[in-house]
Amino acid sequence: MILITCNMKSCFSSMFVQLWDLLMPTKKLKARISKQWADIGFQGDDPKTDFRGMGILGLINLVYFSENYTRQAHHILSRSNHPKLGYSYAIVGINLTEMAYSLLKSEALKFHLYNLVPGVPTMEHFHQFYCYLVYEFDKFWFEEKPESIMYFNIYREKFHEKIKGLLLDCNVSLALKI
């Protein structure tokens, strides 16, 4: 479980290193600012610039998935490097954090949480929902076979609509089943 007990700057740095170590255990990270970050789907040499839209929650979710579903994270990272159907793993993960957060804020998750959680939902339940989204988005992306990553926003929205539709069912319980 991720505990935030450090100042924001050192916390961010240590979480980036943790994410790297989880996803790339056989490759040493040369520096916190490095071109190597592209290997796991960040856009630039300094991954912290990719979190402008979601902040530390996006990083926490990436680490959570990688830590709790390491085998699946490696598998999805590998698939994200597909020569034709590839996508930016980390950037998509951050986008899915935003999707999960917006679904929570709009109360679209209420049936899901009610059916899944005995009592009051916690951040753990939010992280688990995020993991579900990551796993299902990867399947969705490869089933849809988009022409290129340039169509990401179209397919992201299509996936978002699919999830919102599932969440309308008052008996819904979207759990990662591996």
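As a basis for the values below, the full set of heavy atoms in this structure was taken, side chains included, without hydrogen atoms, waters or symmetry mates.
Identified under the side chain to side chain donor-acceptor pair (under 3.5 Å) test for residues 95-108, with sequence neighbours left out: Asn61-Thr97, Asn95-Arg156, Glu98-Arg156.
Residues Phe129 and Leu96 fail the side-chain proximity criterion, which asks for heavy atoms closer than 4.5 Å. Using a 4.5 Å heavy-atom threshold, the side chains of His82 and Arg79 count as separate. Under the 4.5 Å side-chain criterion, counting only non-hydrogen atoms from C-beta, Phe140 is in contact with Tyr155. When side chains are defined from C-beta on, Phe159 does not count as touching Glu144, because their heavy atoms never get closer than 4.5 Å.
Heavy atoms from other residues, nucleotides or ligands lying under 6.0 Å from OH of Tyr151 number 12 at most. Around the CD atom of Glu147, the shell of radius 6.0 Å holds no more than 12 heavy atoms that belong to other residues, nucleotides or ligands.
Residues Leu59 and Phe51 come closest through the heavy atom pair N-CE2, 3.2 Å. Considering all non-hydrogen atoms of both residues, Ala108 and Leu167 come closest at O-CB, 3.4 Å. Shortest non-hydrogen contact noted between Val63 and Leu19 is CG2-CB, 3.9 Å. Between Leu77 and Asn81, the shortest heavy-atom contact is O-ND2, 3.1 Å. Contact detail for Leu176 and Tyr132: the closest heavy-atom pair is N-CD1, 4.0 Å.
The ring of Phe16 has its center no closer than 6.0 angstrom to the ring center of Trp20.
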Practice task
Starting from the C-alpha separation in whole Å, work towards a yes-or-no answer on salt bridge (Lys or Arg N to Asp or Glu O under 4.0 Å) for Lys158 and Glu161.
Solution key: CA-CA 5 Å; Lys158 191 173 178 182; Glu161 291 302 316; over 6 Å; no
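Hydrophobic clustering (side-chain heavy atoms under 4.5 Å, transitive across Ile, Leu, Val, Met, Phe, Trp, Tyr) groups Phe65 together with Ile178.
Ion pairing between a basic and an acidic side chain is recognised when a charged N comes within 4.0 Å of a carboxylate O; Lys139 and Glu136 show such pairing.
When each of His74, His75, Gln128 is tested with Tyr69 by the rule side-chain hydrogen bond (donor to acceptor under 3.5 Å, both in side chains), just one qualifies, namely Gln128.
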